[in-house]
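Single-structure report; data block below.
Start at 1 with the first residue, then count along the sequence. Below, all heavy atoms of this structure are taken into account, side chains as well, without hydrogens, waters or symmetry copies.
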Amino acid sequence: MQMHPTTDHQRKPPSEQPCSTEILDQITQLLSHLLQSTLSITTFTSRWQCLRSKLGTLKWVLSEISDSSHWAYNPLLGTLLPDLLSTLLHVEILCNQCSDPSFTPGKLIMQSDLDMASGWLSKQNSDLDLLLRSGVLHQSNAIVLSHPSANGPKEDLCFFVKDLFTRLQIGGLEFKRKALDSLIQLLSEDEKSGSVVAKEGNLNCLIHLLDPIYPDSVRELAVVAVSMLASASDMSRKCVFEEGALGPLLRIIECSSMPLKEKAAMAVEFITADPDNAWAISAYGGVSVLTELCKSGSVTAQSYSVGAIRNVCAVEYIRIALAEEGAIPVLVQLLVCGIPPAQEKAANCVAILASSGKFFHNFLLQEKGLQRLLHLLHESSSPDTIEHVLHSIYLLSDSQSSHLTLSGSTTFIIHIAELVKYGSIMLQKICASLLANLSISDGNKRAIGGCMGSLVKLMESVKPDGLQEVGSNALVSLLSVSSNRKEFVRDEKILMKLVNMLDPANDVISKKFPMAVVVALTAGSSHDCRKRLMTAGAYGHLQRLADMDVAGAKKALQRLSGNMLTNIFTRSWRE
């Protein structure tokens, strides 16, 4: 059997391999020979017809490549052309065998060999066509992945991205690893590049690299790149999701090494940050996968997985799946044993569940959720975590047992009173709501009287909605204690703020709130409180409000003036 002369070149060590130009010349000669030789083959004619068609397409593609200005320097061709030459040499062997009347191969074996050769040619044709269409063969820097300047032309970035994805699709493992490294570097250095990558790159090819057929070194880099794309922009996150990344990522979490699980969980958290993607977690069986990772994963994996659960638990049927898969006890446990980011996300989950109806409300209490929340409240220094914790506590406080526990805890009462003074506006609102609703003992009300000035400030705040009301309600509750009423009116600053709120010209606040405070201040028989209110001008404002028929004004005025007249009469009679 006659072999093509170039066979000897294939036996040279790598350092002696011919350059791309020489290999292309060999391939071109061999192609012409094969196209001519296969015309006379009379066996397996349909298969040879198919092969000839692919050889003809290959000849056209190679002609286009050779016309490209910088084709000889492209590193991908350095691997594609030798592989193609090897395939063509194999086709030549098959051609010689089918042309030799004395050669009698097994029919099934020859059919299989021809089909395999046809498949190889299809793949190599596709790879070369992709390389040609990418445009990188016309670029002088195609031999090296040169990162475009952040302020450079958009065309440079588009070319760079196309080059990267060409290497990901048709390069060997080393090409893929280097391309992934460059992609990760690009996404980390240029926050705007995510949209370009999503638009210009073949994300399906990137997601394909998550498959178990690739080594962990490639899959790990692919997961990081997918995660960065999912967090880069709304558009890139949408593209990652629509290309089907969620399923492969969940399978990685299910059955891969812990480093891979961590990175996959991070990507899932980013993808599910879009509420429109939440439904797919259940469709892919992700609830049980994420729950198991929360139970047995590393602390880093737990943090990402509970973040993904937090993202999707707003969906009703996913909340039900969480209960069925045993996620709620795991979430409650993370409140005390997770790392700080996991604790914050778990507290957020608990708040969502606590607001989702009696079933979840009771489930959380049954799992000692209130006790875990109180523990985290006193241990955490993160404002966001504390906000989620207090929101959860507030939602759970409407049960009788929780109400009694919280009302009787001096430590808790003092803690939330401090947050009324020094916390963020949302923390102040939640804490004021708790102070207004709990049955606090007089002793504890006296102990936290120092937060009354802060409650008055809340009454002055327009935003968020409801803040003025909870501030007023909490203040009225504290003023049920005589010593707090006396302390309040002795503070000229907060007294004047209250009186200014009664001014009809002040339309920032509904008058019912300061009037409720006036009524609370005039309770009992303290002449000092009424006298100071009168001196500060409360009587005149209330008189005008009564004349304007503002609801509640006459009652407040009556309490203030009636008590004042009664005391004058009493003093006169005694004298």
Side-chain angles (χ1 to χ4, degrees), residues 250 253-254 258 261-262 264-266 268-273 275 277-279 281-282 284-380 382-399 401-402 405 430:
L250 288 168
I253 293 174
E254 197 171 25
M258 191 54 67
K261 289 183 178 186
E262 291 174 355
M266 176 174 62
V268 171
E269 182 180 8
F270 284 132
I271 290 172
T272 54
N277 302 339
W279 62 269
I281 283 288
S282 183
Y284 285 112
V287 172
S288 59
V289 174
L290 293 172
T291 300
E292 184 57 37
L293 192 59
C294 281
K295 286 181 188 176
S296 57
S298 65
V299 291
T300 302
Q302 285 178 333
S303 179
Y304 292 132
S305 56
V306 75
I309 290 174
R310 181 266 320 272
N311 290 342
V312 302
C313 71
V315 181
E316 183 180 359
Y317 64 83
I318 293 182
R319 288 198 299 272
I320 294 169
L322 288 171
E324 292 173 345
E325 295 292 344
I328 294 177
V330 178
L331 293 172
V332 170
Q333 190 60 28
L334 282 175
L335 293 173
V336 292
C337 67
I339 58 175
Q343 289 177 320
E344 179 189 334
K345 296 168 189 176
N348 195 352
C349 283
V350 169
I352 294 169
L353 293 170
S355 65
S356 302
K358 207 67 178 173
F359 170 78
F360 292 102
H361 187 285
N362 292 337
F363 202 154
L364 289 167
L365 291 177
Q366 178 186 320
E367 294 297 329
K368 301 188 183 303
L370 182 63
Q371 290 85 339
R372 301 286 190 273
L373 289 165
L374 288 171
H375 179 272
L376 181 55
L377 174 64
H378 297 301
E379 293 293 324
S380 178
S382 163
D384 290 335
T385 301
I386 292 171
E387 182 178 326
H388 294 312
V389 167
L390 283 171
H391 187 205
S392 301
I393 290 173
Y394 175 74
L395 291 166
L396 295 174
S397 67
D398 63 355
S399 76
S401 61
S402 299
T405 298
I430 298 170

**OP:** Could I get the full list of side-chain contact (heavy atoms from CB on, under 4.5 Å) partners for Y284, not counting sequence neighbours?
**Re:**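 Here the qualifying residues are L246, L250, A280.
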Closest heavy-atom contact between [X] and [Y]?
{"X": "A265", "Y": "L293", "value": "CB-CD2, 3.7 Å"}
{"X": "I386", "Y": "S380", "value": "CD1-O, 3.6 Å"}
{"X": "H391", "Y": "A351", "value": "ND1-CB, 3.9 Å"}
{"X": "K261", "Y": "I253", "value": "CE-O, 3.0 Å"}
{"X": "Q302", "Y": "C294", "value": "NE2-O, 2.8 Å"}
{"X": "L335", "Y": "Q343", "value": "O-NE2, 3.1 Å"}

Original post:
Measuring from I309:CD1 to I318:CD1, what's the distance to the nearest 0.5 Å?
Top reply: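 If I round to the nearest 0.5 Å, the distance is 10.5 Å.
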Please check: side-chain N/O of [X] versus main-chain N/O of [Y], any donor-acceptor pairing under 3.5 Å?
{"X": "S355", "Y": "I352", "result": "yes"}
{"X": "N277", "Y": "T272", "result": "no"}
{"X": "S392", "Y": "H388", "result": "yes"}
{"X": "K345", "Y": "S303", "result": "yes"}

**OP:** Only pairs at least two apart or in different chains count here, so list each salt bridge (charged side-chain N to carboxylate O under 4.0 Å, His left out) that has a residue in residues 310-322.
**Re:**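 Every pair satisfying salt bridge (charged side-chain N to carboxylate O under 4.0 Å, His left out) with a residue in residues 310-322: E269-R310.
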Original post:
Does any donor atom in the side chain of S288 or E292 lie under 3.5 Å from an acceptor atom in the other side chain?
Top reply: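 There is no such pair between these side chains.
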Original post:
Do L373 and L396 have side chains that get closer than 4.5 Å, going by heavy atoms?
Top reply: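 A side-chain contact under 4.5 Å exists here.
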Original post:
Would a 4.5 Å heavy-atom cut-off, applied to side chains only, mark V332 and K368 as touching?
Top reply: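 A side-chain contact is absent here, since even the closest heavy-atom pair is not under 4.5 Å.
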Original post:
Any chance NE2 of H375 has more than 12 other-residue heavy atoms, nucleotides or ligands included, within less than 6.0 Å?
Top reply: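 Count not over threshold, so no.
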Validation: residues 358-366 side-chain donor-acceptor distances under 3.5 Å, sequence neighbours left out:
{"from": "H361", "atom 1": "NE2", "to": "L395", "atom 2": "O", "distance (Å)": "3.2"}
{"from": "H361", "atom 1": "NE2", "to": "D398", "atom 2": "OD1", "distance (Å)": "2.7"}
{"from": "N362", "atom 1": "ND2", "to": "K358", "atom 2": "O", "distance (Å)": "3.4"}

